[in-house]
Student: 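Take a look at this one; I'll ask things after.
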Amino acid sequence: MQRKEFLKKIASRFDIDEEVVIGLSRPKRVVEVNFTIRRDNGELMEVTGWRVLYNDARGPGKGGIRYAPYVTREEVENLAFWMTIKNAVVDLPYGGAKGGVRINPKELSGRELEEVSRKFIDAIYDVIGVDKDIPAPDVNTNPKVMSWMIDEYVKISRKYDVGVITGKPVNLWGLKLREISTSLGGYYVLKTFLEHYNKDVKTIAVQGFGNVGMNFAKIAYDNGYKVVAVSDSKGGVYDPNGLDINRVIEVKRKTGSVVNYEGAKKISNEELLELEADLLVPAAIENVINEKNVDNIKAKYILELANGPVTPEAERKLVDRGVYIIPDVLANAGGVYVSYLEWLKNKGAFMTEEKAREALEHGMTSAAKSVFELADEYNSTLREAAYGIALKRIESAMKYRNYF
Ligand code: NAD
């Protein structure tokens, strides 16, 4: 479904003014930049990138920058729209934005990546700012990349406005909590879900064992849940009695994959998704639950830590069968939530790691409650309710500001 049609459906369901749909159907600003970098072999390489500010009714733009060989302007616009919704779902005082640079980071040396990062910041310097638009890490970018970016920004501006970029290293104005924030935020959302609907989860399967999947598996395991299966791009392992997640992490670190964990059954990624487990946590890539496998999915609950892991067609079938899907725009918003706390700290707020953890728990729990309550009130899916809350908040900001 096209963005506009989907928004229209949400607007009519939750009594939201159709003009909001018009306001949200196109990005406010799209900046395309072209520059060159010098490869280590002396050749010039041409690079294209984008920074999209989708909407700023609720505040400055906020969203990560991804590096990938397949990034397009359209993809960055879609992701910036997604950030507009996500930031509103968890009630952050931000609009939505996203950036993308079309490079293959695996083919570049560290020095070449640094040159790309600094030149991209040079190129988008005029449209970003601590109170204008605030980038962060995304696919293939990390705290190291953010440190090059913030250094470049500070060198150009000659001011320590370090909140302009979040997801920075801990010892360079960052927050340690950022490393596990998406997973911990997802865990708080899950806890709130189980309490609100009076449900119980005994077994969990996690697809993807990177930053998000690994940390989620560890948090769930440390809190007494039985994580029966995990996987990465090479495959997965399954033990109905529960895996020792600390040992899985060690195996992943030493050998590069969870498949080398001994004492459990080896399974494929497809098998993992179709296991008998109460909760399925896709934490790898998009569209993994689709029309092909939806009839074989046995989980009662799905916590979307990855972005867009369930296709709309599959969602319809799952919802009809009574499966609860806790949507990405709520479930994985813990990362941007802690980015917000880092931004506050950089603006001078008193922010310890303990305080940040408390704020994350409070923020994610209250966002989740609002979504579940709205879903109950309108008898909608959790995704519809999350979009409903976001649109109501954006509508209100647009009206107060006389946006049109
Ligand atoms: P990551 O690169 O650290 O980890 C990805 C994991 O997925 C790896 O274990 C990889 O082996 C596995 N994987 C890749 N292809 C796979 C496949 N075809 N089948 C099964 N597993 C596969 O990435 P991440 O930061 O953990 O992000 C995971 C997902 O969460 C992405 O969808 C990302 O957009 C989303 N997300 C991440 C954050 C964050 O803070 N990192 C925030 C919001 C959303």
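Order of appearance sets the numbers: ligands from 1, and atoms from 1 within every ligand.
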Student: Kindly write out the residues that satisfy side-chain contact (heavy atoms from CB on, under 4.5 Å) with His362, not counting sequence neighbours, or none if the list is empty.
Tutor: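 If we apply the side-chain contact (heavy atoms from CB on, under 4.5 Å) test to His362, skipping adjacent residues, the hits are Ser366.
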
Student: Can you name the ring-ring contact (aromatic ring centres under 6.0 Å, His included) partners of Tyr187, sequence neighbours left out?
Tutor: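 For Tyr187, no residue satisfies ring-ring contact (aromatic ring centres under 6.0 Å, His included) once neighbours in sequence are set aside.
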
Student: Would you say the side chain of Leu374 lies within less than 4.5 Å of the side chain of Phe14, judging by non-hydrogen atoms?
Tutor: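 Of all side-chain heavy-atom pairs linking Leu374 with Phe14, at least one is under 4.5 Å.
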
Student: Side-chain contact, heavy-atom cut-off 4.5 Å: Arg383 with Asp328?
Tutor: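 When only atoms from C-beta onward are counted, Asp328 and Arg383 do touch, with a gap below 4.5 Å.
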
Student: Heavy-atom cut-off of under 4.0 Å around ligand 1: list whichever protein residues fall inside it, by chain and number.
Tutor: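 Arg178, Thr182, Gln207, Gly208, Phe209, Gly210, Asn211, Val212, Asp232, Ser233, Asn269, Ala283, Ala284, Ile285, Leu305, Ala306, Asn307, Asn332.
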
Student: Within the supplied structure, the quantity of interest is the number of heavy atoms (other residues, nucleotides, ligands) at a distance under 6.0 Å from Lys369 NZ; does it exceed 12?
Tutor: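 Counting other residues, nucleotides and ligands, NZ of Lys369 stays at 12 neighbours or fewer.
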
Student: Considering residues at least two apart in sequence or located in another chain, which fulfil the side-chain contact (heavy atoms from CB on, under 4.5 Å) criterion with Glu286?
Tutor: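 Residues passing side-chain contact (heavy atoms from CB on, under 4.5 Å) with Glu286: none at all.
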
